[in-house]
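See below for the structure under consideration.
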Amino acid sequence: MSEATTNAAKSMDEIMALCKRRGFIFQASEIYGGVNGFWDYGPLGAQLKKNLKDAWWQDTVLTPPDGPDGKPVSIVGLDSCIIQNPKVWEASGHVGGFNDPMVDDKETKQRFRADHLWGFFLHAAPDGSADEFRMIFERAGSDPNFIPLFCCVASASGEAREFVVQNSKKLFKQFKLTVTADPADSDEFAAMTLEQNGQRFIGALAPVTGEALAQSFASIPSPFTHKAGSLTPPRAFNLMFRTYLGATATEDDIAYLRPETAQGIFINYKNVLDTTRVKMPFGIAQMGKAFRNEVTPRNFTFRSREFEQMEIEFFCHPDTTREWYTFWRDTRMAWWRSLGLTGDNLLLREHDTDELAHYAKTGAGTSDIEYRFPFTAPGFGELEGVADRSNFDLTQHAEHARAKLEYFDQERNERYLPHVIEPSAGADRGVLALLCEAFTPDPERASKVYMKFHPRIAPIKAAVFPLVNKDGMPEVGEKLHKELRSRFGMVDFDPKQSIGKRYARMDEAGCPYCFTIDSDTLTDQTVTVRHRDTLEQDRIALDKVGDWLGEKLKA
RNA sequence: GCGGGCGUAGCUCAAUGGUAGAGCGUCAGCCUUCCAAGCUGAAUGUUGAGGGUUCGAGUCCCUUCGCCCGCUCCA
């Protein structure tokens, strides 16, 4: 079909059906009813994904383009473990912040641990006994009917008290409260006596605990704006998969499956520096599995709980981050284009400053390379992110590991912690984009659809067909098949059934070239080559097929 | 996490509460000189799973798993 075939018009259901029918992607554990968020690659899918990863390794690690300074870019490879010392994830901010129920303030975009929320409660002053006081304070914070006047975030009552003392003047003025007894005097209940418009109250500080927070978060004031309505319910953000080291499986043995491959690079940064003679600027590249316990895995393989990343951490002098950021952003964009994502389904999008990740608040910026998947159309979904991570990660690891990670630059005669530009791509998302891009409905052909893979990443590179299964044609075909397979990898040989059926099968598999041996082959030593995209046929010499195919498969 | 829809052969779908079927695909054989041709035959199902009602459940009820869509979320 023409260029006009947009991804919005492609059916994701049909793409998924083809993926299963032809053995690209299967649901994991399908015979047991499946498991949400996990997918297995079948024979063609595994080859397709390997071709993608091989192309990435070749083009970024082994033969990257020249850098912005015109010199060859220096990149080395790495393959670090999925499980690391749990302290790695404390340093990176993945533990701590994301293992406890968290509450977001939708207005200020701030997030805090639910159990760190303290509220200042106000109640009509009781006339009675200390028991009555105690009852009120015990209910404050846990009873959904007790809504705090304002909130703060603190991990202990001391901090919370401090906050109230520090801010009391301003806050009490805001709520027209007059303190009639100093808060510091009321140790037992963290309480104080106040007046508002002539009415007496007891003010009390108490943690806002689960039930109250869960039920009345909408009316609880935000600790940042002191206005109600902007808090989300507490939610568990333990997105890391946990496991235990050793057979005893106690809490002391907890370890995590990595949620990103990046940290494996940062913690090996010094080893690489000390052993490989690289010097600034340089990059470390790694591809491998990462795991995130996503709340809502969806959209086929797009958001999976187990996925594979292809990442470069590129280290450079802080003054050069902008040029390297631009270089990698444009280089990575061009790379995806070179694999066949040539149309306007591919988009480069610079992030606005307010959506930057915690590690990228300052610096050259962040951009996404996005693809218009059929399920995101007319919108786009992220394929790769290119971010300036500044020296955030190295700073964290230097502190937590008490390691010296500074680099001494001989040329500049300067010691510094390098900044990092991170192009981080999703291999599975890449495969999915290649599948969606290749999927081309064509009612004119027998298969009704063909996969228009770029020859470089097509899983099956070529097929060899004897036109009929006799008269010496199979023997010629087998010889050619053997030669092509040894040179190019996955090459199909099929002497069975009608030639049309065989072409149709190769169309669905996305095989770009089919070589057919016919009766003329036996006399003039030529074969026909059938082009997948145009259906045209040429005749070429039998002994030139290998070289011809080799040329076609170059990028 | 909430709401809605859907689960029968590899795929697309049939089957009144009463024997689980068809087409396509796959495989084997024959035939076949360039785009899923034809002929003959074969394999393929705990009807997603588990309970319940019933003499009898693919069909009715409950639970659960999975997929799709819309919200929510996406460090």
Side-chain angles (χ1 to χ4, degrees), chain A residues 11-23 26-39 42 89 92-102 104 106 109-112 214 232-240 259-260 262 292-300 302-305 307 355-360 368 374-375 381-382 385 387 426 442 444-450 463 465-471 473 494-508 514-522 527-532 534-539:
Chain A
S11 155
M12 203 59 214
D13 285 346
E14 286 179 28
I15 294 173
M16 290 170 69
L18 183 140
C19 282
K20 179 171 188 196
R21 186 167 72 241
R22 285 298 156 191
F26 305 126
Q27 189 180 12
S29 306
E30 193 188 68
I31 62 170
Y32 286 100
V35 52
N36 195 358
F38 296 89
W39 301 90
W89 310 114
S92 68
H94 288 87
V95 184
F98 300 100
N99 269 324
D100 301 293
M102 304 291 285
D104 285 326
K106 285 181 276 192
K109 305 281 185 195
Q110 292 187 82
R111 171 174 291 167
F112 56 92
T232 65
R235 288 161 304 187
F237 275 84
N238 48 343
L239 293 191
M240 278 198 295
E260 61 178 27
R292 295 181 196 179
N293 218 340
E294 297 286 353
V295 179
T296 313
R298 202 169 275 198
N299 288 332
F300 204 23
F302 184 78
R303 177 168 293 128
S304 302
R305 289 179 165 145
F307 58 99
E355 59 176 323
L356 293 180
H358 60 91
Y359 51 75
D368 282 349
F375 49 79
E382 182 183 348
D442 182 358
E444 299 300 312
R445 43 178 99 191
S447 55
K448 306 297 181 203
V449 62
Y450 66 106
F465 300 149
L467 186 56
V468 291
N469 197 13
K470 60 180 183 183
D471 299 340
M473 295 180 203
D494 191 355
K496 297 268 188 175
Q497 299 174 314
S498 74
I499 192 72
K501 193 172 279 198
R502 287 176 272 170
Y503 285 150
R505 270 196 286 258
M506 285 301 106
D507 277 348
E508 279 205 331
C514 297
F515 300 103
T516 300
I517 287 88
D518 57 21
S519 56
D520 290 343
T521 308
L522 306 174
V527 299
T528 62
V529 52
R530 181 258 195 190
H531 300 259
R532 175 196 64 201
T534 61
L535 304 180
E536 286 170 359
Q537 293 188 6
D538 302 325
R539 267 203 109 74

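Chain letters run A, B, ... following the sequence lines, proteins first and then strands; every chain starts at 1.
- For Ile499(A), whose side chain is taken as the heavy atoms from C-beta onward, the closest listed nucleotide among C34(B), U33(B), G66(B) is C34(B).
- For Lys501(A) and U26(B), the shortest distance from a side-chain N or O to OP1 or OP2 is below 4.0 Å.
- The phosphate of U32(B) has neither OP1 nor OP2 within less than 4.0 Å of any side-chain N or O from Asn469(A).
- Of all heavy-atom pairs spanning Asp520(A) and Arg539(A), the tightest one is CB-NH2, 3.3 Å.
- The listed nucleotides are C27(B), U33(B), A36(B); the one nearest the side chain of Val468(A) is U33(B).
- Taking atom CG on Asp520(A) and atom C1' on C34(B), their separation rounds to 12 Å, with Å as the unit.
- Among the protein residues, Arg292(A) comes within range of the nucleic acid bases, having at least one heavy atom under 4.0 Å from a base atom.
- Of all nucleotides listed (C34(B), C2(B), C11(B)), C34(B) comes nearest to the side chain of Tyr503(A).
- Between Arg502(A) and Pro466(A), some side-chain heavy-atom pair lies under the 4.5 Å cut-off.
- Distance Asn36(A) CG to C73(B) P: 19 Å, rounded to the nearest Å.
- Applying the 4.0 Å criterion to OP1 and OP2 of C67(B), one finds that Asn299(A) has every side-chain N and O outside that range.
- Using a 4.0 Å cut-off, no side-chain N or O of Gln537(A) falls inside it from OP1 or OP2 of C35(B).
- Residue Arg298(A) places no side-chain N or O under 4.0 Å from the OP1 or OP2 atom of C67(B).
- Within 3.5 Å, no donor on the side chain of Arg22(A) pairs with an acceptor on the base of G10(B), nor the reverse.
- Closest heavy-atom contact between Val527(A) and Ile517(A): CG1-CG1, 4.0 Å.
- Of the side-chain N and O atoms in Lys496(A), one or more sit less than 4.0 angstrom from OP1 or OP2 of G29(B).
- Remark: Lys20(A) engages Glu30(A) in a salt bridge, criterion side-chain N to carboxylate O under 4.0 Å.
- A sub-4.0 Å separation between OP1 or OP2 of G10(B) and a side-chain N or O of Lys20(A) is absent.
- With hydrogens and angles ignored, no donor-acceptor pair closer than 3.5 Å exists between the side chain of Ser498(A) and the base of U32(B).
- Ionic pairing of Lys501(A) and Asp494(A) is not present here: no N-O contact between side-chain nitrogen and carboxylate oxygen is shorter than 4.0 angstrom.
- Side-chain proximity of Gln27(A) to C35(B), C67(B), C34(B): nearest is C67(B).
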